[in-house]
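Remember, it's 1-based here, ligands and their atoms both numbered in the order they're listed.
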Amino acid sequence: MPKIKFNDKDAEVAEGENPYDTFEKLGMEFSCFNGICGTCKMKVNKGMENINPKTEEENEFPLDDDERLGCQCSRLKGDIEVEYEGW
Ligand code: FES
């Protein structure tokens, strides 16, 4: 099962499953859930290749190369390490 290191916390999510619930349990906040508000913006320190490709919404949002929107991450293929500061 892919592991998520989220700030100083760890969790696992079943391979291919959506990570939203796990992100939320670890402290991520969501608002629009449509890739518009940026509430769920996170920095991916490791494992970007283990997340689905950036969505159209993410490509339109001002994100650095190492940033993603948690609400747009639909499946994990492997371990990731992220930093989330919140809104
Ligand atoms: S919850 Fe609004 S961009 Fe993710």
Determine, stepwise, if the pair L63 / K41 fulfils side chain to side chain contact (heavy atoms under 4.5 Å, CB included). CA-CA 8 Å; L63 293 173; K41 186 172 83 170; 3.6 Å; yes
With respect to C40, which candidate in R68, M28, Q72 satisfies the side chain to side chain contact (heavy atoms under 4.5 Å, CB included) definition?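 One option only clears the test, and that one is M28.
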Check the pair Y84 / E29 against side chain to side chain contact (heavy atoms under 4.5 Å, CB included), numbers first and verdict last. CA-CA 10 Å; Y84 176 74; E29 295 173 33; 3.7 Å; yes
Quick check for you: to the nearest 0.5 Å, what is the distance between M42 atom CE and I51 atom CD1? 4.5 Å
For ligand 1, list the protein residues that place a heavy atom within a distance below 4.0 Å of one of its atoms, sorted by chain and number.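 Lining ligand 1: F30, S31, C32, F33, G35, I36, C37, G38, C40, C71.
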Quick one, C71 with N34, criterion side chain to side chain contact (heavy atoms under 4.5 Å, CB included). Give me CA distance, side-chain angles, the key distance, then yes/no. CA-CA 7 Å; C71 72; N34 284 310; over 6 Å; no
Answer yes if the side chains of N45 and E83 hold a donor-acceptor pair under 3.5 Å, and no otherwise. yes
